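Quick notes on the structure that follows.
As the structure is a computational prediction, the values presented were derived from the model and not from experiment. Here is the naming used below: chain letters follow the sequence lines, and residue numbers restart at 1 for every chain.
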Protein chains: 2
Amino acid sequence: MNGTNQEHVDEAGAALRQTSLRVTKQRVAVLEAVRDHPHADTDTVIRSVRESLPAVSHQAVYDSLHTLTEVGLVRCIQPSGSVARYERRIGDNHHHLVCRSCNLIVDVDCTIGQAPCLTPSHDAGFLIEQAEVTFWGLCPDCADSGAERPEVGSRSAV
Amino acid sequence: MNGTNQEHVDEAGAALRQTSLRVTKQRVAVLEAVRDHPHADTDTVIRSVRESLPAVSHQAVYDSLHTLTEVGLVRCIQPSGSVARYERRIGDNHHHLVCRSCNLIVDVDCTIGQAPCLTPSHDAGFLIEQAEVTFWGLCPDCADSGAERPEVGSRSAV
DNA sequence: TCGTTTCCTTGACTCATTCAAAAGAAGCGT
DNA sequence: ACGCTTCTTTTGAATGAGTCAAGGAAACGA
């Protein structure tokens, strides 16, 4: 909708300029799209970007998302059963609440867990860099409407 | 290798009989394959099953894995960037260590985190059922050989 | 403005996973 | 043991997110 807000363009451009990446209108648009649609999948980003740049190729969006992820301007999350989703909020080690029924994703801060969650009981010799916590459950709407676990993709259910 | 161990077949059959599912040789073989290859992806399971049942269709394996997951005999995990992987260890709320370089997956018990990890700071009204923790890092081998993050699939790297 | 380097477009392609219809096996009651 | 019903498996095709590769276009330093 208001994707082409000048202030946002500037902010996105500035973020890009702080990396060694070239500032292209495609990347700026992708960065905006990710900010405007938290936890959006690639398809949503493509559609959002095309509101301001109707001619972008899907490849450009895929490339931008990868590159932006690599330099740390966006984060990619992929809860089980979901395609890749992207978010602008980075560096604060927050976690996610995922609704099993409607796939809604919500951010949660890990105020309690910060330290404990980063320390597994034994690390098997691993060099641990990051802990990712995903809470699975039902969002308020789905819980209210009595939604249970959705079909998990088996034709002949039990 | 020793996939057709009678003891194992019995155990797998018994587990199946405790559900309302029919006990078929395909399902028994899938259950064994998952136990014999912890964190195996579907392709590995298919190959393993075909050692004892050369004629199984991939569809049967997909269906079995789905059904077994649904009744809780196996668990499906899908770390970002990975295809679906399955494991037999269930119900003990253990977590995973994933190597960013070689994708090795190792189980870890969450001795410290049990309670804290299940309690996010605010639940946004969600009905939380489960917390899933994934630790990302480098396995001993990759850390030793100085492996850094692998290419993440962008042709024009920074 | 020019040239170099990086990025985008185009279009084909891969591969995990799913769909659908028909043939085949499990388990039930007799 | 036999047949019936229902659940499973096979077969073969389709879907769709994501990737590969080559050439044209744009960014940016000089």
Side-chain angles (χ1 to χ4, degrees), chain A residues 9 12-13 16-31 40-47 49-50 52-71 73 76-86 103 150-158, chain B residues 12-13 16-31 40-47 49-50 52-71 76-86 103 150-158:
Chain A
V9 175
L16 273 170
R17 232 164 272 117
Q18 295 192 326
T19 72
S20 54
L21 296 175
R22 290 194 176 165
V23 180
T24 66
K25 48 190 190 300
Q26 291 89 340
R27 283 176 179 163
V28 170
V30 166
L31 213 38
D41 57 23
T42 308
D43 194 58
T44 303
V45 174
I46 291 176
R47 274 204 292 269
V49 168
R50 286 190 175 150
S52 45
L53 293 176
V56 264
S57 61
H58 69 143
Q59 190 62 251
V61 175
Y62 273 101
D63 276 356
S64 296
L65 288 172
H66 283 152
T67 311
L68 295 175
T69 301
E70 232 164 293
V71 299
L73 287 182
C76 175
I77 58 175
Q78 253 177 293
S80 290
S82 172
V83 294
R85 290 165 176 281
Y86 296 86
N103 291 315
E151 293 308 313
V152 195
S154 154
R155 286 163 300 150
S156 35
V158 276
Chain B
L16 273 170
R17 232 164 271 117
Q18 294 191 326
T19 70
S20 54
L21 297 174
R22 291 191 177 167
V23 181
T24 67
K25 49 188 189 298
Q26 289 90 341
R27 282 177 181 162
V28 170
V30 166
L31 213 38
D41 58 22
T42 308
D43 194 59
T44 302
V45 174
I46 291 175
R47 274 204 291 270
V49 168
R50 284 187 177 153
S52 45
L53 294 175
V56 265
S57 63
H58 69 140
Q59 190 61 253
V61 175
Y62 273 100
D63 276 355
S64 295
L65 287 171
H66 283 153
T67 311
L68 295 174
T69 301
E70 232 165 292
V71 300
C76 174
I77 58 174
Q78 253 178 292
S80 290
S82 171
V83 295
R85 289 166 178 280
Y86 296 86
N103 292 314
E151 294 308 313
V152 195
S154 152
R155 285 162 303 152
S156 33
V158 275

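Interface remark: the B/Arg22 side chain does not form any donor-acceptor pair with the D/dT8 base, using a distance-only criterion of under 3.5 Å.
Comparing the axis of the opening five pairs of the helix from C/dT1-D/dA30 to C/dT30-D/dA1 with that of the closing five pairs yields an angle of 40°, rounded to 10°.
Comparing atom distances between the A/Ser57 side chain and each of D/dC28, C/dT10, D/dA17 picks out C/dT10 as nearest. With D/dT19, C/dT17, D/dT9 as the choices, the nucleotide that has an atom nearest any side-chain atom of A/His66 turns out to be D/dT19. Side-chain proximity of A/Ala84 to C/dT17, D/dG18, D/dT9: nearest is D/dG18.
Look at A/Gln59 and you won't find any side-chain N or O under 4.0 angstrom from OP1 or OP2 of C/dT9. Considering only side-chain N and O atoms, A/Thr42 lies under 4.0 angstrom from the phosphate OP1 or OP2 of D/dG18. Taking 4.0 angstrom as the limit, A/His58 places none of its side-chain polar atoms (N or O) nearer than this to OP1 or OP2 of D/dT19.
A distance of 8.0 Å separates CG in B/Asp63 from OG in B/Ser57, rounded to the nearest 0.5 Å. Once rounded to the nearest 0.5 Å, the distance linking CZ of B/Arg47 with OG1 of B/Thr42 reads 11.5 Å. Summarising the geometry, atom OG belonging to A/Ser64 is positioned 10.5 Å from atom CD1 belonging to A/Ile46; distances are rounded to the nearest 0.5 Å. For the atom pair CZ (A/Arg50) and NE2 (A/His58), the distance works out to 8.0 Å, reported to the nearest 0.5 Å.
Across every non-hydrogen atom of A/Arg27 and A/Arg22, the tightest pair is NH1-O, 3.0 Å. In plain terms, the two heavy atoms of B/Ala40 and B/Val45 that are nearest each other are CB-CG2, 4.0 Å.
Computed from coordinates, the A/Asp43 CG to D/dT15 C1' distance equals 14 Å when rounded to whole Å. Separating the CD atom of A/Gln26 from the C1' atom of C/dT6 is a distance of 12 Å, rounded to the nearest angstrom. Between A/Gln78 atom CD and C/dT17 atom P there is a gap of 12 Å when expressed in whole angstrom units. Spacing between atom CG of B/Leu53 and atom P of C/dA25 amounts to 13 Å, rounded to whole angstrom units. We find that CG of A/Asp63 is positioned 14 Å from P of C/dT10, with the value rounded to whole Å. For the pair B/Asp41 CG and C/dA16 P, the interatomic distance rounds to 8 Å; values are reported in whole Å. Put simply, CZ on A/Arg17 is 19 Å from P on C/dT6, counting in whole angstrom units. At whole-Å resolution of the value, CG in B/Leu21 and C1' in D/dT8 are 11 Å apart.
Contacts of B/Thr24 with the nucleic acid, taken as non-hydrogen atoms under 4.0 Å apart, involve only primed sugar atoms and P, OP1 or OP2.
Panel note: side chain B/Ser82, backbone B/Gln78; no donor-acceptor pair is recorded below 3.5 Å.
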